[in-house]
Colleague: 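I have a structure I would like to understand better, so I am pasting it below and will then ask my questions one at a time.
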Amino acid sequence: MKPTLFGISLAASLLFSSPVLATHYNVSDAEAHELWHSVVLTLGEERHVRALQQHSYSDTILSVNYTTGVCDLPWLEIRVELEDHQPEDRVANRVSGDLRVDHETIHNGVAEFITQRGDRGFYVNFYLSEFDLLLDEMRNGETLLIRLDRGDEDYWFLSFALKGVAAALDRAERLCEVEEETRHNR
């Protein structure tokens, strides 16, 4: 099942909603790359570019995010749709997280579980020491495997298909640089 442009736009705007003002980013330049997509998100002068995969789970989106001004510092995030709007901004937990593409390197890091007031999303942001290596492995791999240790051997396992990720990441990087150049020329 292929997500529609409306579905991509809705998912992308949900991922960058401002919890206090319920403001959504404008979504443009959406392009499909097999199971992945790339989009540009704007709000005033703020610009983000996102490569995202919303195919593996109906309520979960994996994304690699780029921000103009710091295009060389992307970050990985998971957003899980919750039933209720969250009452507060908070870091709910910090846990160990392992990520692995196919049978490549096991990337150990920290995953931060975050909620935002007024948002129905639960966010997981990853902090990894070799993020560039993980991105390279994702470009050449088939599946990204994630294990989150919520304590007392309570693990949460996720698996994301990578078909199309290389094209989505390449385009997201290019778009971030174009957005950055456009911003400097204003």
Side-chain angles (χ1 to χ4, degrees), residues 3 7 10-22 24-25 35-37 39 41 48-67 70 72-165 168-169 172:
L10 176 62
S13 64
L14 286 172
L15 289 172
F16 272 104
S17 62
S18 170
V20 175
L21 302 176
H24 297 285
Y25 281 69
L35 300 179
W36 282 71
H37 293 83
V39 298
L41 304 162
H48 302 278
V49 182
R50 174 165 282 179
L52 61 96
Q53 200 267 44
Q54 59 187 25
H55 178 79
S56 293
Y57 300 94
S58 63
D59 63 348
T60 303
I61 298 171
L62 172 69
S63 63
V64 178
N65 307 279
Y66 300 83
T67 301
V70 288
D72 59 334
L73 297 173
W75 76 95
L76 185 73
E77 180 177 80
I78 294 174
R79 181 185 192 275
V80 178
E81 183 74 12
L82 301 173
E83 289 186 25
D84 299 319
H85 289 86
Q86 298 305 294
E88 63 183 334
D89 292 348
R90 73 184 187 103
V91 174
N93 204 358
R94 285 185 186 91
V95 302
S96 335
D98 301 319
L99 294 89
R100 185 177 198 178
V101 175
D102 303 330
H103 297 285
E104 298 298 328
T105 311
I106 297 174
H107 298 271
N108 306 110
V110 173
E112 192 170 62
F113 295 176
I114 300 168
T115 61
Q116 295 179 338
R117 183 175 172 258
D119 190 335
R120 288 184 45 193
F122 173 78
Y123 298 86
V124 181
N125 291 321
F126 292 91
Y127 303 96
L128 305 167
S129 61
E130 295 183 318
F131 189 61
D132 291 337
L133 176 59
L134 176 65
L135 290 180
D136 288 342
E137 292 170 351
M138 287 173 64
R139 280 183 163 89
N140 298 305
E142 293 181 20
T143 306
L144 174 64
L145 305 167
I146 299 173
R147 179 180 73 171
L148 300 167
D149 182 355
R150 298 182 296 180
D152 297 327
E153 296 187 20
D154 178 16
Y155 295 104
W156 183 22
F157 295 95
L158 296 163
S159 172
F160 293 93
L162 297 175
K163 190 173 187 178
V165 70
L169 290 173

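Counting from 1, the numbers follow the sequence of the chain as shown. Keep in mind it's a predicted model, so treat the numbers as computed, not measured.
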Colleague: Taking S129 for its side chain and G109 for its backbone only, find out whether a donor-acceptor pair lies under 3.5 Å.
Modeller: no

Colleague: Evaluate the side-chain proximity of L148 to F126: yes if any heavy-atom separation is below 4.5 Å, no if none is.
Modeller: yes

Colleague: For R94, does the CZ atom sit with more than 12 other heavy atoms under 6.0 Å from it, leaving out its own atoms?
Modeller: no

Colleague: Taking it one step at a time, do H107 and E137 satisfy side-chain contact (heavy atoms from CB on, under 4.5 Å)?
Modeller: CA-CA 11 Å; H107 298 271; E137 292 170 351; 2.8 Å; yes

Colleague: Are the side chains of V124 and V80 in contact, using a 4.5 Å heavy-atom criterion?
Modeller: no

Colleague: Quick one about Y123 and E77 (side-chain donor to acceptor, distance below 3.5 Å, no hydrogens or angles considered), yes or no?
Modeller: no

Colleague: Any donor and acceptor pair, going by atom type alone, linking the side chain of N65 with main-chain N or O of R50 inside 3.5 Å?
Modeller: no

Colleague: Distance check, rounded to the nearest 0.5 Å: I61 atom CD1 versus Q53 atom CD?
Modeller: 9.5 Å

Colleague: About how many Å separate OG of S63 and NE2 of H37, when rounded to the nearest 0.5 Å?
Modeller: 13.5 Å

Colleague: Would a 4.5 Å heavy-atom cut-off, applied to side chains only, mark I146 and I78 as touching?
Modeller: yes

Colleague: Check for a donor-acceptor pair, side chain of Q86 on one end and backbone N or O of D84 on the other, with a separation under 3.5 Å.
Modeller: yes

Colleague: Report yes or no: does N140 contribute a side-chain atom to a donor-acceptor pair with the main-chain N or O of D136 at less than 3.5 Å?
Modeller: yes

Colleague: Give me the atom names and distance for the closest heavy-atom approach of L145 to S159.
Modeller: CD2-OG, 3.8 Å

Colleague: Quick check for you: to the nearest 0.5 Å, what is the distance between H48 atom NE2 and T67 atom OG1?
Modeller: 4.5 Å

Colleague: If we only count heavy atoms from C-beta on, is the L158 to Y57 side-chain gap below 4.5 Å?
Modeller: yes

Colleague: For a side-chain contact (heavy atoms from CB on, under 4.5 Å) check, start with the C-alpha distance between L99 and F131, then their side-chain angles and the critical distance, and finish with the verdict.
Modeller: CA-CA 10 Å; L99 294 89; F131 189 61; over 6 Å; no

Colleague: Do you know the tightest heavy-atom contact between Q116 and D89?
Modeller: CA-OD1, 3.2 Å

Colleague: Less than 4.5 Å apart, any side-chain heavy atom of Y66 and any of L169?
Modeller: yes

Colleague: Show your reasoning for whether side-chain hydrogen bond (donor to acceptor under 3.5 Å, both in side chains) applies to E130 and T105.
Modeller: CA-CA 10 Å; E130 295 183 318; T105 311; 5.7 Å; no

Colleague: Taking all heavy atoms of L162 and all of G141, pick out the closest pair and write down the distance.
Modeller: CB-O, 3.6 Å

Colleague: Keeping D98 on the side-chain end and R147 on the backbone end, is there a donor-acceptor pair under 3.5 Å?
Modeller: no

Colleague: Got a donor-acceptor contact below 3.5 angstrom from the R120 side chain to the L82 backbone?
Modeller: yes

Colleague: How long is the gap from CZ on F160 to OG1 on T60, to the nearest 0.5 Å?
Modeller: 6.0 Å

Colleague: Could you point out which residue of R79, E83, E81, Q54 forms a side chain to side chain contact (heavy atoms under 4.5 Å, CB included) with D59?
Modeller: E81

Colleague: Quick one: sort the F113 and W156 rings into parallel, tilted or perpendicular, breaks at 30° and 60°.
Modeller: perpendicular

Colleague: Quick one: do L128 and L133 satisfy side-chain contact (heavy atoms from CB on, under 4.5 Å)? Show the steps, please.
Modeller: CA-CA 10 Å; L128 305 167; L133 176 59; over 6 Å; no

Colleague: Using only atom types and a distance under 3.5 Å, with no angle test, would you say the side chain of W36 pairs donor to acceptor with the backbone of A161?
Modeller: yes

Colleague: Can you give me the closest heavy-atom contact between E88 and T115, atom names plus distance?
Modeller: O-OG1, 3.1 Å

Colleague: Evaluate the criterion side-chain contact (heavy atoms from CB on, under 4.5 Å) for residue pair V101 and T143; output intermediate values, then yes/no.
Modeller: CA-CA 6 Å; V101 175; T143 306; over 6 Å; no

Colleague: Drop me the distance from L144's CG to L76's CG, to the nearest 0.5 angstrom.
Modeller: 7.0 Å

Colleague: Is the shortest side-chain heavy-atom distance between S56 and L62 below 4.5 Å?
Modeller: no

Colleague: Is a side-chain donor or acceptor of D152 paired with a backbone partner of D154 at a separation under 3.5 angstrom?
Modeller: no

